[in-house]
Amino acid sequence: MSTSAADMDALHTRADAAAQSAYAPYSRLHVGAALRSASGRIYTGCNVENASFSIGGCAERAAIAAAVQAEGQAFRLDAIAVAAFRDDGLALPITPCGACRQALVEFGADAQVGFRQPDGTWLTVSADALLPYRFCFPDR
Ligand SMILES: [Zn+2]
């Protein structure tokens, strides 16, 4: 199943909304992610920081965890949008971090990944394009 431009627009809106739930008292970078599974269902996540920085979690992986929880081993990623905002509400251009890129390709190397560019428009690329030399087991 491929994701249409209208479906991506809907994910942009849901990612923007998910960012409003972020717990980001340290970076003040409120990140939201909304993904569409191959089954057509939508899952969202937000970043959750911690005073012990390394145990904080990203929005993308929170959304993936929600999808796996709901769909189990059958979950496949069709598309995801990631949005970020400063404390004052200004939208910021971000791309998924390296760990999240690895998590995205695990569930869909062909998945569409949308994020804002510096001019505020959305760019969509494949997960594969974001992490071409990713780690994978040789036999998979
Ligand atoms: Zn990340």
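Positions are given from 1, in the same order as the sequence printed here. Since the model is a prediction, treat every value here as computed from it, not as a measurement. Just follow the structure's listing: the first ligand is 1, and inside any ligand the first atom is 1.
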| Tell me, which protein N/O/S atoms are under 2.8 Å away from the Zn ion (ligand 1)? |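 Atoms qualifying: C58 SG, C97 SG, C100 SG.
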| If you take all heavy atoms of L35 and I64, which pair is closest and at what distance? |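 Scanning both residues, the minimum pair turns out to be CD2-N, 3.7 Å.
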| message | Nearest 0.5 Å, please: how far is CD in E106 from CG in L77? | response |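 Output value for this atom pair is 11.0 Å.
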| request: Kindly give the cluster partners of Y133, where membership spreads through any ILVMFWY side chain lying under 4.5 Å from a current member. | output: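 Answer for Y133: none, a lone residue.
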| message | Do the side chains of R76 and D110 get close enough for a salt bridge, i.e. N-O under 4.0 angstrom? | response |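 Salt bridge between R76 and D110, a charged N being under 4.0 Å from a carboxylate O: no.
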| task | On the 0 to 90° scale, with breaks at 30° and 60°, tag the W122-H12 ring pair as parallel, tilted or perpendicular. | result |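 Ring orientation, 0 to 90° scale: parallel.
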| request: Mark yes when over 12 heavy atoms from residues, nucleotides or ligands other than Q69 sit less than 6.0 Å from its CD; otherwise mark no. | output: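 No, because the 6.0 Å sphere around CD of Q69 holds 12 heavy atoms or fewer from other groups.
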